[in-house]
Amino acid sequence: MSARPALPAAEPSLDLRHHLPAIEPDRTVSDWGRSERLEGLVDRTLYDFLYHYWFRCEVDGIEHVPATGGALLVANHGGALPPDASMITKAIREEHPRPRPLHLTVEHFFKGYPFFSMFVTKIGGVPAHPANVHRLLHDEQQLVLVFPEGAKATEKLYKDRYKLRRFGRGGFVEAAARAGVPIVPIAVMGAEEAMPTFAHVGLLKRLTGLIYFPVTPLFPHFGLLGAAYLPAKFRIRFLPPVRADRLGAADLEDRGLLQEIADEIRGRIQDEVVDLVADRRSVWLG
Amino acid sequence: MSTQPASPAGTGTQPASPAGTGAQPASPAGTGARRVLITGLSTYWGGRLAQALERDPAVEAVVGVSPEDPTCELDRTEYVRVGTQHALLRRIVRAAEIDTVVDTRLIVDSRTVPARVAHENNVIGTMNILAACGGADSPVRKVVFKSSAHYYGSERDDPAFFTEAMARPHPPATQLERDVVEAERAVRAFADRNRETTVCVLRFANGLGPDLRTSHTALLALPAVPSILGFDPRYQFIHEDDIHGVLEHATRHDLPGVYNAAGDGVLALSEVASLLGKPLAPVLPPWGTGLAAAVLRRLGLSLPPEMLQQLRFGRALDNRRLKAAGYSFRATSREAVVALARHFRTRGITQADTGYRYEREVEEFLRWSPSVRGADRLGVGRLSPDQLAELARALETLPGAHPAAADARAAAASPAHRRSSGGGKNP
């Protein structure tokens, strides 16, 4: 992969990066709808509590997250209401020598849910549209977190925990290559036990219009308390970057190659997750 | 007018001539619009564009057409009232040798007129205007079409920033959006058929400004900003000065293709409300929004269906292509809202509305009557000395005394007189 020529300008058209809007210092909301104030508040309260006391996150390999430039972070996903995205965000803020905001890609259907859509956007969620990812990575040189497994991971049952699902169709590799940024794989342990799903209720799913209606240790019988996580021990491991930015223009047309790279990344994350689980003596104490 | 044998219409009559060689000599002269036709002169932006163009001595003629009277005070723009279907436009275009048509007539706010009238104007009107511009012997070298961001709609699975190449993810649901999409389709077909004509489509975001009356300015003028419970949509605006600024830029320069016109920066609706110093009132429920909106419409709120979609999902455009084409916006979205807020606060004190009313007889008297003195009535101040001399010679050959002959002779003889009579028009 390293022998391949550097990626030429992905689009022959003119580079529009110089024409990005200037930062308006009076504003506390970004053009993506992210609110500094709400994000800061959630970070100082909920995330802080979860990160330090509830999940007791341990992080290694934070140096693999670049201090400048765009990068696509790719992680495994799990739990009915997955806490992994917020913990990765917090890990970068807490451990990285140069903390940077992380943009989480979320499924489009979230945009239809009242309150939730508003909240997710304000704390840094961005709809997972290829154009959004490209603008963030290439034009704005930001960090973007994706879960290539998508909903396939969050709806899987407790018995299937830590078995990574298919990594899409390699779309994330193509996104990173087109944007000319590296991919940083991340292995997360603990999310699957924080809110495990034991079963799905198909009828209630249809009635409520949710993407799935899970039965977890606290939901639905405890109502809103069902949103509470169990205090599983968290470990987050950032892996060495995959240089997707070194792929050539011809490689982008090669679906097979992209799929191969995606599978390779999936394999690396799966191996690390197995490694983390193997080292764990207790689900709760680590 | 007869003094210009080398007008583009003269060279373009032979369809057999290769386009490359035929276009080369015409292009330096053809880049800047000289004889402009503005459709929709009665719209705010149409009138403002005419005002801007008539200040420019390089623009020989500004003709404006619309079914309604102009709402801006105009100096030398000639106004022709036409029907909503613009059926006779072809004759005006040919007769006045129009080289640039700026179509600002699209109705982008379904609150203002009934849906049927909007459809007639947006779809049938566009087809007729394009038909008037087309044809092998057409003098038209450039068409600027003012479209709307309603082309993209506002849906759940939209990208955060629409670029010009993107299409809407779902077919349009409201009548107005269907009309806009259909009108643009007609413009694209026209551009494909008339390759040598520069066709520029400008998709405008929601306009804001003290002089602009739209559903959104009406909404933001309320004591509280209505919103849908549980949604805080992203909004992008364009200041009213930028609306005609962009139109003017597209008229003066050749911008082939589609361009998004929207101010920098995307605001959350809550941010807009706080800039206006007003609370956000979530009066619309997230479910059954249409029903609640119907009730509120009865109470006098302007909530057109296309706005309800925007209040839920929001919309933003990528304006960088237009910036790369040389236009620099005067105001960001935030500055547009701040300007509106300032206007709202002083609304009671300053009567911003000048109350201009178009009166055909008065305008014609001011333009054509020999009794009007002082002003540069005949436009001789805008002609070059050579042109004036030629005009004077032409007038001499006429039988009998012509009231304009003395004027033109005097102007040609003494440039000083021209300067004084021309007022501040000549820099």
Side-chain angles (χ1 to χ4, degrees), chain A residues 11 13-39 103 105-136 138-140 142 144 175 208-209 211, chain B residues 154-166 169 227-236 257 260 262-272 274-275 280 282 284-287 289 312-314 316-329 331-335 337-338:
Chain A
E11 288 166 25
S13 63
L14 65 171
D15 189 358
L16 293 173
R17 276 187 282 185
H18 316 295
H19 296 287
L20 279 173
I23 291 167
E24 293 179 276
D26 293 340
R27 293 187 59 193
T28 58
V29 181
S30 82
D31 284 358
W32 297 91
R34 187 179 191 135
S35 164
E36 248 172 53
R37 268 152 61 191
L38 187 68
E39 199 194 353
H103 298 260
T105 55
V106 294
E107 297 276 358
H108 281 288
F109 45 69
F110 282 124
K111 233 178 131 184
Y113 294 158
F115 299 106
F116 199 67
S117 67
M118 198 162 101
F119 182 72
V120 164
T121 309
K122 285 187 188 298
I123 62 170
V126 171
H129 193 286
N132 292 353
V133 174
H134 186 78
R135 182 172 166 123
L136 281 168
H138 177 260
D139 298 9
E140 302 188 10
Q142 299 280 344
V144 177
T208 54
I211 43 167
Chain B
S154 181
E155 301 276 353
R156 199 185 61 179
D157 29 16
D158 283 347
F161 295 89
F162 276 106
T163 64
E164 288 83 352
M166 289 173 184
S227 71
I228 299 177
L229 184 68
F231 289 95
D232 193 8
R234 291 159 66 246
Y235 256 99
Q236 198 176 21
N260 289 336
D264 273 350
V266 184
L267 312 174
L269 189 63
S270 56
E271 211 182 348
V272 175
S274 84
L275 285 174
L280 202 62
L284 293 160
W287 297 281
T289 314
R312 187 179 293 264
F313 298 120
L317 311 180
D318 189 336
N319 63 359
R320 291 180 289 169
R321 187 155 187 246
L322 189 57
K323 287 203 238 169
Y327 186 76
S328 50
F329 287 90
T332 63
S333 292
R334 183 177 181 276
E335 284 161 0
V337 175
V338 169

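Just so we're clear, the structure is a prediction, and the values are computed from it rather than from any experiment. Chain naming here is simple, since letters A, B, ... match the order of the sequence lines and numbering starts at 1 in each.
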Can you tell me which portion of [X] sits under 4.5 Å from chain A's heavy atoms? Options are side chain, backbone, both or neither.
X: B:Thr163; result: neither
X: B:Ser333; result: neither
X: B:Ile228; result: neither
X: B:Glu155; result: backbone
X: B:Pro159; result: both

Drop me the distance from A:Arg17's CZ to A:His138's NE2, to the nearest 0.5 angstrom.
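Atom-to-atom, A:Arg17:CZ and A:His138:NE2 are 3.5 Å apart.
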Check: A:Trp32/A:Gln142 side-chain N/O donor and acceptor closer than 3.5 Å
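No, no side-chain donor-acceptor contact under 3.5 Å.
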Please tell me whether B:Asp318 and B:Asn260 have a donor and an acceptor in their side chains that are separated by less than 3.5 angstrom.
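Not at all, the side chains of B:Asp318 and B:Asn260 share no donor-acceptor pair under 3.5 Å.
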Would you mind checking which part of [X] comes under 4.5 Å of any heavy atom in chain B, side chain (CB onward), backbone (N, CA, C, O), both or neither?
X: A:Leu20; result: both
X: A:Ser30; result: backbone
X: A:Phe119; result: neither
X: A:His129; result: side chain

Under the side-chain contact (heavy atoms from CB on, under 4.5 Å) test, which residues partner A:Met118, sequence neighbours left out?
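A:Met118: side-chain contact (heavy atoms from CB on, under 4.5 Å) contacts with A:Lys122, B:Asp232.
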Okay, side chain of B:Arg234, backbone of B:Ala160: is any donor-acceptor separation there less than 3.5 Å?
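Yes: the side chain of B:Arg234 pairs with the backbone of B:Ala160.
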Measure the acute angle between the ring planes of A:Tyr113 and A:Phe110, then classify it against the limits of 30° and 60° as parallel, tilted or perpendicular.
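A:Tyr113 vs A:Phe110 ring planes: perpendicular.
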Under 30°, 30 to 60°, or over 60°: which ring-plane class applies to B:Phe329 and B:Tyr327, parallel, tilted or perpendicular?
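Judged by the thresholds at 30° and 60°, the geometry between B:Phe329 and B:Tyr327 is perpendicular.
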Which of B:Phe313, B:Phe162, B:Trp287, B:Phe161 touches chain A most, by non-hydrogen pairs under 4.5 Å
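Counting heavy-atom pairs under 4.5 Å, the top option is B:Phe161.
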For chain B, which of A:Thr121, A:Asn132, A:Val126, A:Asp26 has the most heavy-atom pairs under 4.5 Å?
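The answer is A:Asn132.
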Listed once per pair and sorted, the salt bridge (Lys or Arg N to Asp or Glu O under 4.0 Å) pairs that draw on residues 28-38 of chain A, sequence neighbours left out:
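Salt bridge (Lys or Arg N to Asp or Glu O under 4.0 Å) check on residues 28-38 of chain A returns A:Arg27-A:Asp31, A:Arg34-A:Glu39.
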